[in-house]
Amino acid sequence: MNALAVDERDDRVVVTLNRPAARNAINAAMIEELHAVCALLERRPRLLLLTGAGGVFAAGADIAELRARGRDEALQGINSRLFDRIARLPMPTVAAVDGYAIGGGTELAYACDLRLATPATVFANPEPGLGILAGAGACWRLAELVGTSVAKQVLLAGRRLDAEACLAFGLVTEVVPTGELLHAAHRLLDRMTGWSPAALRLTKLVLDAPGAHPLADDLAQAVLFETEDKHHRMTEFLERRRT
C-alpha cells in the first residue's frame with residue numbers, strides 16, 4: 001500500500017493515513033486501500049485503530065480530485081460509501097486524532113465508534129466555502145454525536161472544534177498529550193480485547209440499529225446466553241467473588 005501504513009496484528013489492525021506531504025488528504029488511492037482494509041476486517045473481524053502520520057489526521061479530501069468530479073461521481077458516493085462501510089465494520093473502531101481533521105478527514109473520524117484527541121486536535125467542516133456540502137456523513141453523523149445545535153455551528157457557521165470543545169461535547173473520549181496518543185489508543189483497545197468478542201460485535205450491531213429495538217436486544221442476548229464464553233466468564237466472576 002502507498003497511501004496507508006498497515007500493521008496487522010492478531011487482535012487489531014492499525015492503519016496510519018500516510019500521505020504526510022499532502023497532510024494525509026484523502027485521495028482515490030487512499031480510498032481504494034481503505035476499502036481493502038475493510039474487506040480484510042469483514043473476512044476476519046478485529047478491532048481497527050485509525051491514525052495519521054506527521055502530526056495530522058487528515059486535512060480533508062484531495063481538492064484537485066474533488067474539483068474534477070461532477071454529478072456522476074457525486075451520485076457514486078465515493079467517500080460516503082467508504083465511510084459507511086467503516087461504520088458498519090463488525091468490531092469497534094477507534095480514531096486517534098492528532099492535529100487537523102478537516103472536511104473528509106472529520107467525516108472519516110465521525111464514522112469511527114470512538115475518537116481520542118491531543119491538545120492540537122481541531123475538527124472542522126469548511127465545505128460550503130468550497131461550494132459543496134459535507135456530503136459523506138457529517139450532515140447527520142455529527143448531529144448524532146454532538147447534537148443539532150453544535151452540528152449547525154460547525155457545518156453552517158464554520159465553527160472549529162478544538163480539543164477542549166470536542167471533549168466537552170463528547171465527540172472524543174479523552175484528550176492526551178501528543179506523545180501518548182497511540183499508547184492511550186492501544187490501552188483502549190486492550191480493554192476491549194479483554195471482553196467477549198461476540199458480545200462486542202452484537203452490542204455494536206444492536207446499538208447502531210435505528211429506533212427502539214427490544215426484539216433485537218432479546219435475540220442478541222439469546223445468542224450470547226448460549227455461548228461457552230459467557231458461561232466461562234460468569235463462572236470466573238463468581239469464583240473471584242468467593243475468594
Side-chain angles (χ1 to χ4, degrees), residues 3 15 17 19 22-28 30-31 34-35 37-38 48 50-52 56-67 69-71 73-89 92-118 120-173 175 204 207-210:
V15 173
L17 311 180
R19 300 184 67 221
R23 299 201 301 170
N24 301 327
I26 300 170
N27 64 352
M30 185 179 289
I31 290 169
L34 284 169
H35 273 298
V37 170
C38 288
L48 171 64
L50 273 173
T51 192
V56 176
F57 184 71
D62 189 295
I63 302 302
E65 290 187 2
L66 279 181
R67 185 178 62 176
R69 292 179 187 173
R71 176 183 57 197
E73 288 79 14
L75 291 174
Q76 291 171 22
I78 294 171
N79 287 12
S80 63
R81 300 299 184 270
L82 169 65
F83 300 162
D84 285 347
R85 192 176 184 184
I86 289 171
R88 293 194 307 270
L89 286 172
T93 57
V94 174
V97 181
D98 184 26
Y100 285 101
I102 306 294
T106 67
E107 293 181 297
L108 174 57
Y110 299 156
C112 292
D113 296 307
L114 300 164
R115 288 154 295 279
L116 284 79
T118 72
T121 295
V122 175
F123 283 81
N125 286 98
E127 285 90 342
L130 295 170
I132 60 175
L133 60 78
C139 285
W140 51 277
R141 279 200 180 98
L142 184 57
E144 291 178 351
L145 291 168
V146 300
T148 301
S149 177
V150 175
K152 286 184 175 180
Q153 292 173 45
V154 173
L155 296 166
L156 301 180
R159 178 176 180 179
R160 294 186 168 203
L161 299 180
D162 61 15
E164 182 179 354
C166 288
L167 186 62
F169 293 133
L171 184 58
V172 302
T173 63
V175 177
K204 177 175 176 176
L207 183 62
D208 286 342

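Heavy-atom basis, side chains included; hydrogens, waters and symmetry copies ignored. Predicted model only: the values in this text are computed from it and were never measured.
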Would the distance check show the side chain of [X] and the main-chain N or O of [Y] forming a donor-acceptor pair, the cut-off being under 3.5 Å?
X: R160; Y: V122; value: no
X: K204; Y: L89; value: yes
X: T51; Y: A96; value: yes
X: D98; Y: T118; value: no
X: T173; Y: L116; value: no
X: E107; Y: A138; value: yes
X: R19; Y: A25; value: yes

Could you tell me which non-hydrogen atom of [X] sits nearest to which non-hydrogen atom of [Y], and how far apart they are?
X: C38; Y: I86; value: SG-CG1, 3.6 Å
X: G103; Y: P126; value: N-CD, 4.0 Å
X: N125; Y: A134; value: ND2-CB, 3.9 Å
X: T93; Y: C112; value: OG1-CA, 3.2 Å
X: R159; Y: A165; value: NH2-CB, 4.1 Å
X: L155; Y: P128; value: O-CG, 3.6 Å

Side chain to side chain contact (heavy atoms under 4.5 Å, CB included) between V150 and L171, intermediate numbers included
CA-CA 11 Å; V150 175; L171 184 58; over 6 Å; no
[X] [atom1] to [Y] [atom2] distance, which is reported to the nearest 0.5 Å:
X: L108; Y: L17; atom1: CG; atom2: CG; result: 6.0 Å
X: N79; Y: I31; atom1: CG; atom2: CD1; result: 4.0 Å
X: S80; Y: R141; atom1: OG; atom2: CZ; result: 9.0 Å
X: L66; Y: E127; atom1: CG; atom2: CD; result: 9.0 Å
X: T148; Y: W140; atom1: OG1; atom2: CH2; result: 14.0 Å
X: N24; Y: I102; atom1: CG; atom2: CD1; result: 12.5 Å

Step by step, would you call L34 with L50 a side chain to side chain contact (heavy atoms under 4.5 Å, CB included)?
CA-CA 10 Å; L34 284 169; L50 273 173; 4.2 Å; yes
Within the structure provided, determine whether [X] and [Y] are in side-chain contact (heavy-atom separation under 4.5 Å).
X: Y110; Y: F83; result: no
X: T121; Y: F57; result: no
X: L82; Y: H35; result: yes
X: R115; Y: L145; result: yes
X: L142; Y: V154; result: yes
X: T106; Y: L161; result: no

Counting only heavy atoms not in [X], do more than 12 fall under 6.0 Å of its [atom1]?
X: Y100; atom1: OH; answer: no
X: Q76; atom1: CD; answer: yes
X: R69; atom1: CZ; answer: yes

Apply side chain to side chain contact (heavy atoms under 4.5 Å, CB included) to V97 and V172, showing your working.
CA-CA 9 Å; V97 181; V172 302; over 6 Å; no
